[in-house]
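In what follows, a single structure is set out as structure tokens and then discussed.
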Amino acid sequence: MLAVDMLSHRDNHVIELREALLWSGVWITAGLTFGLVIWLWRGGEPAVAYFSGYLLEKALSVDNVFVFALLFGYFRVPAEYQHKVLFWGVVGALAFRLAFIFAGAELLGRLTWAGVVLGGFLIWTGWRLAVRGEPDVDPDRNVAVRVFRRLVPTEPRYHGGRFTVRVDGRRRATLLLVALVAIEATDVVFAIDSVAAILAITTDTFLVWTATAFAVLGLRSLYFCLAGLLRHFGYLRYGLAVLLAFAGAKLILAETPVGKLPVWSTLAVVVSTLSVAIGWSVFAARRERRRRAGG
């Protein structure tokens with residue numbers, strides 16, 4: 001799928017809304033179809049766990065989109081090169097999540113108290129998401145970006161769509177590569193949160209990995225669909241905060257006499273929470289437009 005995506009976007013061009021919507025439809029259809037394959041192959045309960053994880057990861061990826069938009073604005077990345085940065089950003093995101101999935105599943109399987117710690121971390125993350133303002137994405141304060149600039153000679157400008165360029169006989173990184181490093185470094189935080197949340201649904205590494213991969217594969221198209229529309233989803237972060245806190249509580253309850261909650265209840269909570277958050281956001285945006293029009 002990554003190869004198909006790369007071949008389909010091998011030229012540098014601005015991704016228009018129509019193209020982004022088409023590819024978003026392709027990735028969403030692929031993810032939902034794979035869920036049906038799971039249903040036919042392994043039964044209803046694994047399929048519900050997959051769909052719950054897929055929807056949760058898809059929802060959490062919206063927060064990634066907002067931060068990516070801020071980073072692109074900070075670095076002033078030309079529109080025709082943004083899709084190239086996001087492609088390699090997706091590759092890095094898949095690599096990080098694959099490592100975190102197996103590490104997290106191993107911890108939960110070996111250490112009985114790991115679920116409580118991970119659950120507490122998710123509840124704290126949900127609280128932080130609910131009360132925070134605009135996220136701080138200043139690359140100059142990002143450790144990974146600062147170390148990269150210190151170790152790697154860097155050009156303070158763009159050279160087309162190239163990540164590196166030879167200047168005065170020396171290979172130097174372009175500003176496009178610095179932007180990619182900033183996105184990868186920021187995504188590590190998102191990867192930890194999202195993997196911990198989906199492990200609260202199931203520790204079946206195959207289901208966790210496939211749900212995560214299908215959600216992340218469509219991240220680039222989702223960015224070009226939503227980057228200009230995020231202001232209409234102002235209350236979505238509260239819904240995501242509720243889902244993170246719910247996932248944390250689910251992990252903690254699994255270590256108590258209550259035990260694991262049914263996967264059907266998880267799917268119901270994910271769908272209902274996202275529906276309320278999106279509906280609330282749309283209603284609030286319409287009311288604000290009417291208020292301004294009346295003023």
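These figures come from a predicted structure and were not determined experimentally.
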For this session: Report the C-alpha separation of V242 and V276 in whole Å, then their side-chain angles, then the decisive distance to 0.1 Å, and conclude whether the side chain to side chain contact (heavy atoms under 4.5 Å, CB included) test is met.
Result: CA-CA 11 Å; V242 169; V276 170; over 6 Å; no
Exercise. Under the ring pair (Phe, Tyr, Trp, His ring centres under 6.0 Å) criterion, do W41 and F206 qualify, and how do the steps go?
Worked result: CA-CA 13 Å; W41 172 33; F206 177 75; 5.7 Å; yes
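Counting heavy atoms from C-beta on, the side chains of W209 and L94 come closer than 4.5 Å. Residues I198 and R97 have side chains not in contact (no heavy-atom distance under 4.5 Å, counting atoms from C-beta outward). Between V208 and T202, the closest side-chain pair of non-hydrogen atoms falls below 4.5 Å. Considering only heavy atoms from C-beta on, V90 stays 4.5 Å or farther from F87 through its side chain. For the pair L177 and F148, the minimum side-chain heavy-atom distance is below 4.5 Å. Residues L219 and W27 are not in side-chain contact: their nearest non-hydrogen atoms beyond the backbone lie 4.5 Å or more apart. Side-chain atoms of Y50 and F214, non-hydrogen and from C-beta on, do get closer than 4.5 Å to each other. With contacts defined as side-chain heavy-atom distances shorter than 4.5 Å, the pair I192/F96 does not qualify.
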With a 3.5 Å cut-off and sequence neighbours excluded, list the donor-acceptor pairs that the side chains of residues 152-160 form with protein atoms.
{"from": "T154", "atom 1": "OG1", "to": "V152", "atom 2": "O", "distance (Å)": "2.9"}
{"from": "E155", "atom 1": "OE1", "to": "H159", "atom 2": "NE2", "distance (Å)": "3.1"}
{"from": "E155", "atom 1": "OE2", "to": "R172", "atom 2": "NE", "distance (Å)": "3.4"}
{"from": "Y158", "atom 1": "OH", "to": "F75", "atom 2": "O", "distance (Å)": "2.7"}

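The backbone N or O of V77 sits less than 3.5 Å from a side-chain atom of Q82, completing a donor-acceptor pair. Formation of a donor-acceptor pair under 3.5 Å by the T203 side chain with backbone atoms of L199 is not found in this model. Counting only distance, with no hydrogens or angles, the side chain of D168 and the backbone of R170 share no donor-acceptor pair below 3.5 Å.
Contact record, W39 with A47: CE3-CB, 3.4 Å, taken as the closest heavy-atom pair. S194 and A191 get closest at one heavy-atom pair: OG-O, 3.3 Å. Annotation for S221 and S24: closest pair CB-OG, 3.3 Å, computed over non-hydrogen atoms. In plain terms, the two heavy atoms of T205 and A105 that are nearest each other are CG2-CB, 3.6 Å.
To the nearest 0.5 Å, the span separating CG on L180 from CG on L175 amounts to 11.5 Å. To the nearest 0.5 Å, atoms OH (Y81) and OG1 (T174) are separated by 10.0 Å. To the nearest 0.5 Å, the span separating CD on E184 from CG on D187 amounts to 6.5 Å. The CG atom of L207 sits 4.5 Å away from the CZ atom of R42 when rounded to the nearest 0.5 Å. To the nearest 0.5 angstrom, L98 atom CG is 9.5 Å from T212 atom OG1. One finds the CG atom of L217 at 12.0 Å from the CD1 atom of I28 (value rounded to the nearest 0.5 Å).
In the hydrophobic cluster analysis, where Ile, Leu, Val, Met, Phe, Trp and Tyr join through side-chain heavy atoms closer than 4.5 angstrom, V165 is grouped apart from V181. Following chains of ILVMFWY side-chain contacts shorter than 4.5 Å, one can reach V216 starting from L32, so the two form part of one hydrophobic cluster. In the hydrophobic clustering of ILVMFWY residues, with side-chain heavy atoms under 4.5 Å counting as a link, L40 and V37 come out apart. Hydrophobic clustering keeps M1 apart from L22 (ILVMFWY residues linked when any side-chain heavy atoms are closer than 4.5 Å, directly or through intermediates). Following chains of ILVMFWY side-chain contacts shorter than 4.5 Å, one cannot reach V167 starting from V178, and the two form parts of different hydrophobic clusters.
Applying the 6.0 Å contact sphere to CZ of R171 captures more than 12 heavy atoms from other residues, nucleotides or ligands.
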